[in-house]
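Heads up: the structure comes next, in structure tokens.
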Amino acid sequence: MRMSGRPYVLAETNWKNVKKTDFQLAILPWGATEAHNYHLPYSTDVIQCDEITAEAARLAWEKGTKSIVLPTIPFGVNTGQLDIKLDINMNPSTQLAVLEDIVLALERQGIDRLLIVNGHGGNDFRQMVRELLPKYGLFICCLDWFSIVDQNIFEHGGDHANELETSLMQYLRPEWVLPLNEAGDGREHLFKIPGLREGWVWAQRHWLSATDDTGIGDPTLATPEKGERCMRQVATKISEFLIDLAEADLSDLYEQ
């Protein structure tokens, strides 16, 4: 028996289903293609975005919300990693051009709200949204999925190929994760200047100077069980927002 794919994932569904569905909002996952320590694949940010957004859309779909997950954009801002072999950089100006084309298409087709789900720390869509809003009627919002993780799930911090990302990939794509004894320790080399080191002044990190193995954060305590807990927690939280956004009156978004 032939069956179509998930109706809330655009890459899997078809014109027969899409034509008859009144989608309430679109979701645009945006990742990156970059090294993740020695043990995780270059597609880590893409896979995580794929899976988290699809699961959030599924949970919302089951409660009646018709959202559609667009294909994940696989390239992100990697200007600090240009020296790392096959890390692929997409400049913010290029991202804006891509995003504007997507917004134009959605607005023309009658979809009036878009959520960007970001899965890469180098991406920042807020200024792009500010630039696009005066030009289009589409309501655009964005979130970093990693900013809503319950950190009590994990014992070690860091922000790249760390315990969190390693646990997620052990759960989502275990066959693509090397044994943890092959991973680097994820030690970060901090800035010497106090303001930059303490984080109240920002500068782009030069990755080969800031890391030994392209990872930041010790992955050794990662487990697939932690990854599953994280996945469920984040997807559930995003699904609740999808329902709220779909049901919202865009002309009445503010409390009186």
Side-chain angles (χ1 to χ4, degrees), residues 1-31 43-74 102-103 105-107 109-120 125 138-154 164-165 167-175 223-253:
M1 179 179 178
R2 293 185 178 181
M3 298 180 65
S4 61
R6 293 171 291 183
Y8 45 84
V9 177
L10 184 59
E12 298 180 13
T13 192
N14 49 60
W15 174 230
K16 181 179 177 65
N17 288 330
V18 166
K19 187 177 181 180
K20 66 184 180 183
T21 304
D22 292 326
F23 292 106
Q24 297 166 281
L25 70 148
I27 307 165
L28 177 62
W30 207 307
S43 61
T44 290
D45 290 348
V46 176
I47 292 166
Q48 291 171 160
C49 274
D50 281 344
E51 298 287 350
I52 288 169
T53 52
E55 178 63 9
R58 181 189 70 82
L59 293 170
W61 188 276
E62 291 180 351
K63 294 185 178 181
T65 296
K66 296 295 188 287
S67 61
I68 187 71
V69 180
L70 306 178
T72 300
I73 306 296
I102 294 169
V103 167
L106 293 175
E107 182 169 81
Q109 295 157 12
I111 295 176
D112 66 353
R113 53 202 81 188
L114 170 67
L115 170 64
I116 304 167
V117 177
N118 176 39
H120 171 60
F125 297 98
L138 202 73
F139 180 82
I140 311 170
C141 52
C142 51
L143 66 86
D144 300 328
W145 70 256
F146 45 84
S147 71
I148 58 176
V149 171
D150 179 0
Q151 295 298 332
N152 292 320
I153 298 172
F154 304 101
L164 187 167
E165 287 200 298
S167 295
L168 265 177
M169 293 303 291
Q170 287 175 327
Y171 171 62
L172 297 172
R173 297 289 191 280
E175 68 277 15
T223 68
E225 291 75 22
K226 291 177 182 177
E228 182 176 12
R229 284 178 60 197
C230 177
M231 168 77 169
R232 302 304 175 202
Q233 178 255 321
V234 171
T236 298
K237 192 173 186 69
I238 294 175
S239 74
E240 292 166 352
F241 177 75
L242 295 177
I243 295 168
D244 289 341
L245 180 59
E247 295 177 351
D249 179 352
L250 295 181
S251 66
D252 186 24
L253 288 176

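Everything numeric here is computed off the predicted structure, so don't read it as measured data.
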I need the minimum non-hydrogen distance between [X] and [Y], along with the two atoms involved.
{"X": "L168", "Y": "G227", "result": "CD2-O, 3.4 Å"}
{"X": "G31", "Y": "T72", "result": "N-CG2, 3.9 Å"}
{"X": "V69", "Y": "A57", "result": "CG2-CB, 3.6 Å"}
{"X": "S67", "Y": "L242", "result": "OG-CD1, 4.2 Å"}
{"X": "K66", "Y": "D22", "result": "CB-O, 3.7 Å"}
{"X": "I52", "Y": "A235", "result": "O-CB, 4.0 Å"}

Is a salt bridge present between R58 and E62, judged by a nitrogen-to-oxygen distance below 4.0 Å?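 Looking at R58 and E62, the cut-off is met.
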Quick one: pull up [atom1] in [X] and [atom2] in [Y] and give me the separation to the nearest 0.5 Å.
{"X": "K237", "Y": "I148", "atom1": "NZ", "atom2": "CD1", "result": "6.5 Å"}
{"X": "D150", "Y": "Q233", "atom1": "CG", "atom2": "CD", "result": "5.0 Å"}
{"X": "E55", "Y": "L59", "atom1": "CD", "atom2": "CG", "result": "4.5 Å"}
{"X": "C230", "Y": "W145", "atom1": "SG", "atom2": "CH2", "result": "5.5 Å"}
{"X": "I111", "Y": "L114", "atom1": "CD1", "atom2": "CG", "result": "9.0 Å"}
{"X": "Q24", "Y": "I243", "atom1": "CD", "atom2": "CD1", "result": "10.0 Å"}

Heavy atoms, side chains only, cut-off 4.5 Å: are [X] and [Y] in contact?
{"X": "D45", "Y": "W30", "value": "no"}
{"X": "I116", "Y": "I27", "value": "no"}
{"X": "I73", "Y": "L28", "value": "yes"}
{"X": "I102", "Y": "L106", "value": "yes"}
{"X": "L245", "Y": "C141", "value": "yes"}
{"X": "L164", "Y": "V149", "value": "yes"}

Residue pair R232, Y171: steps toward the side chain to side chain contact (heavy atoms under 4.5 Å, CB included) verdict: CA-CA 11 Å; R232 302 304 175 202; Y171 171 62; 2.5 Å; yes
Donor-acceptor contact below 3.5 Å, side chain [X] vs main chain [Y]:
{"X": "R113", "Y": "A248", "value": "yes"}
{"X": "S147", "Y": "D144", "value": "yes"}
{"X": "T21", "Y": "N17", "value": "yes"}
{"X": "N118", "Y": "H120", "value": "yes"}
{"X": "Q170", "Y": "E165", "value": "no"}
{"X": "T223", "Y": "K226", "value": "yes"}

Side chain to side chain contact (heavy atoms under 4.5 Å, CB included) between I68 and L25, worked out: CA-CA 7 Å; I68 187 71; L25 70 148; over 6 Å; no
As a quick check of understanding, evaluate side chain to side chain contact (heavy atoms under 4.5 Å, CB included) for T65 and Y8, giving each step before the final call. CA-CA 10 Å; T65 296; Y8 45 84; over 6 Å; no
Kindly indicate, with the supporting measurements, whether the criterion side chain to side chain contact (heavy atoms under 4.5 Å, CB included) is fulfilled by D50 and Q48. CA-CA 5 Å; D50 281 344; Q48 291 171 160; over 6 Å; no
